[in-house]
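Side-chain atoms are counted along with the backbone in the values below, which use heavy atoms only and exclude waters and symmetry mates. Note that this is a predicted model, so its numbers are computed, not measured. Below, chain A is the first sequence line, B the second, and so on; all start at residue 1.
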Amino acid sequence: MLERATIAAGPKELPPLPDAVDGKVVLRLAPYPSGPLHIGNARAFVLNDAYAKKYHGRLLLVFDDTIGSEEKPLLPEAFDQVREGLEWAGVEYQEVLYKSDRIPLHYEWAEKLLSTGEAYVCECDADTLRKNREAMKACVHRIQSVDETIAMWKAMLAGEYAEGEAVVRLKTDMADPNPAFRDRVLFRIAERDHPRVGDRYRVWPMLEFSWAVDDALLGVSHVLRGKDLVMEDQMETRIWDILGIRRRPEFVHFGILRFKDLELSKSRYRKEIAAGHLTGIDDPRTWSLQSLQRRGIRPAALREFVLSFGLSLNDIEVPAETLYAENRKLIDKDANRYFFVADPIAVEITGLPPIEHVKAPLHPDFPGRGHREIPAGPKLHVAQEDFEKFRGKEVRLKDFCNIVLDHRARFVSMGNKDIPKIQWVTHGVNVHLALPDGSESRGLGEPLVASLKVNDVVQFERVGFARIDHVSKAEVRAFFAHR
RNA sequence: GCUCCCGUAGUCUAGUGGCCAAGGAUAGAAGCCUCUCGAGCUUCUGACACGGGUUCAAAUCCCGUCGGGAGCACCA
């Protein structure tokens, strides 16, 4: 009885991966470099990293930088932004590869495939292609000879087709009950420049084909991907069947992860940053890993948060509060306490006995950490919200004294009392607190706040946890993490 | 519409036929503690979508219904 409870409360174990052999697991991470990684990508990279470590295997970072689309362009700086995010998140990979370096391999495989007659070059436009798919109708190109197809392929490579004029399609079955699986496109022509390889290629593989090649060539043992990519399994499998590839990875999926009240999109944030609606890639509204770092979210919190979902195929929607709860567990003990009053209101206390300063603990749970000395006196500031709420009532200025609150406040007594306690500041330093919604809270912090260092995570009492982002003579800037 | 996936408390999850009168986390409530609306401690609220089977026995297997999601791009 007792034993069972202990096990249930113990640390969460990852479910085993099918046919995983310790030391032989090879996993891959396939970010698309259109911007920095954000919290919505976390499930993929945390799980891959966690399993690579669990099985003492290898994790490959393979940039999925095939040419993309007009709507989702590649971004040159995204490669470093992705790596920066992964580094922060504690993801350890042994090798970095680029799809764009592997195009010749993809061509080689394409030619093998075309020569089997199981794929063909199609000249139908996108619209025709879609309509035929709906109607389960094969087009004339499907039945052309292998020789014709090879000739057309060469013509594609030679630049004799313009963008949109020819694609390579896999012969699955135009009557497949799944409309999504009817002769899918494997290669298409894109005349855009690539940030790494420029205009070296104009025929680019689609994700499914490139992975059919690379998962096989790189010896990937397990593919962990979201279940929005299940059809890709079928595509890869079909291609391996045709080419007689025997050694194949296991496919493992996890459900779609969404955040309540959040819509994450790398491409959209890119546009909004460019338009000046967001301050940069670490704007808290992007939920990029960079922004989480800036707010003082610990990578371990993100990891725990993601691992708590396991490998379930459920589609889930979680509130950010769950991540905050995880983070709070980690930072609470480290975060020293300080006073910050937002939108300060000046208050002068009458009848206050002479007093120079008071002492307050840096952290109430760890008295050994020492005290902060706060200059005290009759002239001070309190937060507007507190002022309005408690005006005319007796409150305790925490660690200081009791007063009846007003612009001209009346001193009552010094000793602690069981009445509402509010924070207060004399000789305050300017503090700007950047909030997750992009707004900013301005106010005053107690003098010691000016001696904090960048990256310190503190708790502004009754406000919340924050990371110090910038300290100068004029002001301290901090990013709000959570309550 | 078609194909596939999923359905345990507000949320996330454990559970793979008997040990489940369903465990944990988070959120919520109450109390204690605390010179913070944080943390800690104690207690409480709260779920197997529904209907049929199979079985001695079902949250767990099967069928149906309902609900949610994904895919149906020359994006990833």
Side-chain angles (χ1 to χ4, degrees), chain A residues 1 4-5 7-10 12-13 15 30-34 64-74 122 124-127 129-130 133-134 136 163-169 176-182 184-190 204 206-208 210-211 225-232 234 253 255-258 260 266-267 304-305 307-310 312-319 321-326 328-329 331-333 335 337-339 358 360-361 363-366 396-400 402 415-423 459-465 482-483:
Chain A
M1 193 70 182
R4 228 180 106 228
I7 293 161
K12 190 169 171 86
E13 275 281 327
Y32 180 70
S34 62
D64 222 337
D65 61 338
T66 50
I67 197 70
S69 63
E70 294 286 354
E71 306 82 65
K72 273 191 189 180
L74 296 166
C122 179
C124 298
D125 60 55
D127 201 43
L129 207 138
R130 202 193 70 241
R133 239 189 310 249
E134 263 168 42
M136 303 190 192
E163 193 166 309
E165 288 183 351
V167 295
V168 175
R169 297 174 73 185
D176 193 288
N178 183 353
F181 200 60
R182 292 172 194 159
R184 284 182 69 87
V185 171
L186 261 26
F187 282 87
R188 85 299 202 180
I189 295 164
W204 288 91
M206 305 295 289
L207 166 138
E208 297 95 322
S210 70
W211 279 117
R225 49 166 60 139
K227 77 178 190 186
D228 49 326
L229 262 24
V230 281
M231 199 179 52
E232 279 67 11
Q234 271 181 279
H253 295 95
I256 312 289
L257 169 63
R258 275 195 202 73
K260 202 165 165 46
K266 282 191 275 196
S267 317
E304 281 305 308
F305 170 73
L307 292 180
S308 74
F309 309 137
S312 146
L313 281 165
N314 283 354
D315 299 321
I316 57 178
E317 182 173 276
V318 288
E321 185 55 44
T322 308
L323 171 65
Y324 299 159
E326 214 59 65
R328 195 179 295 119
K329 287 180 201 163
I331 64 174
D332 182 64
K333 63 177 189 307
R337 271 52 172 171
Y338 295 96
F339 288 171
V358 297
H363 195 303
D365 301 336
F366 305 98
R396 177 162 179 79
L397 300 175
K398 186 165 177 281
D399 302 307
F400 184 13
N402 311 308
N416 189 23
K417 257 190 182 179
D418 190 17
I419 53 175
K421 293 171 182 74
I422 66 171
Q423 279 60 37
Q459 188 205 54
F460 291 129
E461 290 192 9
R462 286 176 58 244
V463 174
F465 295 93
H482 48 75
R483 290 195 73 91

Could you tell me whether the phosphate oxygens of rU13(B), OP1 or OP2, come under 4.0 Å of any side-chain nitrogen or oxygen in Asn314(A)?
yes

Consider the side chain of Ile256(A), meaning its heavy atoms from C-beta on, and name the nucleotide among rG38(B), rA70(B), rU26(B) that approaches it most closely.
rA70(B)

Value in whole Å for how far the P atom of rU13(B) lies from CZ of Phe309(A)
7 Å

Mind checking Asn416(A) for me? I need base, sugar-phosphate or nothing, with any heavy atom below 4.0 Å counting as a touch.
base

Side chain of Asp365(A), base of rG38(B): donor and acceptor closer than 3.5 Å?
yes

When we call it a touch if two heavy atoms are under 4.0 Å apart, what does Gly164(A) touch: a base, just sugar-phosphate, or nothing?
base

Side-chain-base donor-acceptor pair under 3.5 Å for Arg133(A) and rC72(B)
no

A correct dot-bracket answer for RNA chain B, with pairs being Watson-Crick or G-U at under 3.5 Å, [ ] for crossing pairs and | for inter-strand pairs, is (((((((..((((....[....)))).(((((.......)))))....(((((..]....))))))))))))....

Classify Thr66(A) by what it touches in the nucleic acid, base, sugar-phosphate, or nothing, heavy-atom distance under 4.0 Å.
sugar-phosphate

Does any N or O donor sit under 3.5 Å from an N or O acceptor when you compare the side chain of Arg258(A) with the base of rG69(B)?
no

Confirm from the modelled atom types if Glu232(A) and rA76(B) form a donor-acceptor pair under 3.5 Å, side chain to base only.
yes

With a 3.5 Å cut-off and heavy atoms only, can you find an N or O donor on one side and an acceptor on the other between the side chain of Gln459(A) and the base of rU36(B)?
yes

Check side chain to side chain contact (heavy atoms under 4.5 Å, CB included) between Ile419(A) and all other residues, then give those that pass, not counting sequence neighbours.
Glu394(A), Arg396(A), Asn402(A), Lys417(A)

Tell me what Asp125(A) touches on the nucleic acid: a base, only sugar-phosphate, or nothing, going by heavy atoms under 4.0 Å.
base

List for me each residue that meets side-chain hydrogen bond (donor to acceptor under 3.5 Å, both in side chains) alongside Ser34(A), sequence neighbours excluded, and say none if there are none.
none

